[in-house]
Amino acid sequence: MNREKDNLQKLGHKTEIPETYAPEVLETFENRHQGRDYWVQFNCPEFTTLCPITGQPDFGEIRIMYIPDERMVESKSLKLYLFSFRNHGDFHEDVVNIILDDLVKLMNPRYIEVVGLFVPRGGISIHPYVNYGRKDTKYETMAEERRRGYGVRV
């Protein structure tokens, strides 16, 4: 356990918040329950990013749910990563896809989904959803089923 703790650079240390998009701040640790499927959920209710056209801030909540395999994302590094979007300009749909891609690359989870619940601008809100299930496994089927069901939200 101490070896794992020694590899974490953000946890327990004063850390500067990145000023630009910074996937390199993400860190992982070993999943101690690899023989079991279970959910891990993160909610970031104060997420901000910039509109790539106007430069105006966009506010929302990012929700990440995943079923880990061998590695898990460390929460402080995830917080810093999500904060790194504050000065980054991308459309809402791009943001959730970027987050998903970065976390899949980082952890190689069995299953993961990311949803953005953005505050309305101009009278309309956008809630993009993206997911991933490991190819050729039950998690790929699960991803397809959850994607179909997501469109039914009220």
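Just so it is clear, the model here is predicted, and its values are computed rather than measured. The figures here come from the full heavy-atom set of this structure, side chains too, leaving out hydrogens, waters and symmetry mates.
Here the side chains of Lys138 and Asp37 are in contact, with some heavy-atom distance below 4.5 Å. Annotation: side chain of Pro18 is in contact with side chain of Val25 (closest heavy-atom distance under 4.5 Å). Proximity of Asp90 to Tyr21: side-chain heavy atoms (C-beta onward) are nowhere separated by under 4.5 Å. Contact of the Met72 side chain with the Val40 side chain is registered, since non-hydrogen atoms from C-beta on lie closer than 4.5 Å. Put simply, the side chain of Ile64 reaches to within 4.5 Å of the side chain of Ile99, judged on heavy atoms. Residues Leu78 and Leu103 meet the side-chain proximity criterion, which asks for heavy atoms closer than 4.5 Å. Using a 4.5 Å heavy-atom threshold, the side chains of Met142 and Ile67 count as touching. Using a 4.5 Å cut-off on side-chain heavy atoms (C-beta onward), Leu117 and Arg63 make contact.
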Could you walk me through whether Tyr129 and Glu113 pass the side-chain hydrogen bond (donor to acceptor under 3.5 Å, both in side chains) test, one step at a time? CA-CA 7 Å; Tyr129 170 88; Glu113 57 189 44; 2.9 Å; yes
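Annotation for Phe42 and Ser75: closest pair CE2-CB, 3.7 Å, computed over non-hydrogen atoms. The two residues Cys44 and Leu82 come nearest to each other via the heavy atoms CB-CD1, 3.8 Å. Minimum interatomic distance between Asp69 and Gln34 (heavy atoms only, all atoms of both residues): O-CG, 3.4 Å. Contact record, Glu27 with Ser77: N-OG, 2.9 Å, taken as the closest heavy-atom pair. Contact detail for Gly133 and Ala143: the closest heavy-atom pair is N-CB, 3.6 Å. Nearest approach of Tyr111 to Asn131, heavy atoms of both residues: OH-ND2, 3.1 Å.
Annotation for Glu16: atom CD does not count as buried by contact number, only 12 or fewer foreign heavy atoms lying within 6.0 Å.
Side-chain contact, Arg71 with Asn31: no donor N or O sits under 3.5 Å from an acceptor N or O. Looking at Arg110 and Tyr66, their side chains never bring a donor and an acceptor atom within 3.5 Å of each other.
By the rule that hydrophobic residues join a cluster once side-chain heavy atoms approach within less than 4.5 Å of another member, Ile126 and Leu100 end up as members of separate clusters. Linking ILVMFWY side-chain heavy atoms closer than 4.5 Å, directly or via other members, places Ile62 and Ile17 in a single hydrophobic cluster. A continuous path of hydrophobic side-chain contacts links Phe83 to Leu26 [ILVMFWY only; heavy atoms under 4.5 Å]. At a threshold of 4.5 Å between side-chain heavy atoms, the hydrophobic network of Ile, Leu, Val, Met, Phe, Trp and Tyr places Val95 and Phe91 in two separate groups. Criterion: ILVMFWY side-chain heavy atoms under 4.5 Å apart, direct or through other members. Under it, Ile53 and Phe59 are not part of a common hydrophobic cluster.
Ring to ring, Phe47 and Phe85 are close: their centroids are under 6.0 angstrom apart.
Under the 4.0 Å criterion applied to side-chain N and carboxylate O atoms, Arg86 and Asp58 are not assigned as salt-bridge partners. Looking at Glu140 and Arg134, no side-chain N of the basic residue comes within less than 4.0 Å of a carboxylate O on the acidic one, giving no salt bridge.
Judged by distance alone, the side chain of Ser125 and the main-chain N or O of Pro120 form no donor-acceptor pair under 3.5 Å. Between the side chain of Glu30 and the backbone N or O of Arg32, no donor-acceptor pair lies under 3.5 Å. Using a distance-only test at 3.5 Å, with no hydrogens or angles considered, no donor-acceptor pair links the side chain of Asn108 to the main chain of Val104.
Under the side-chain hydrogen bond (donor to acceptor under 3.5 Å, both in side chains) criterion, no residue pair touches residues 44-55, with sequence neighbours excluded.
Trp39 contributes atom CH2, which lies 10.0 Å from atom CD1 of Ile112 (distance to the nearest 0.5 angstrom). The CD atom of Glu19 lies 15.0 Å from the NE2 atom of His88; values are rounded to the nearest 0.5 Å. Here the OH-CG distance, from Tyr81 to Leu106, works out to 9.5 Å after rounding to the nearest 0.5 Å.
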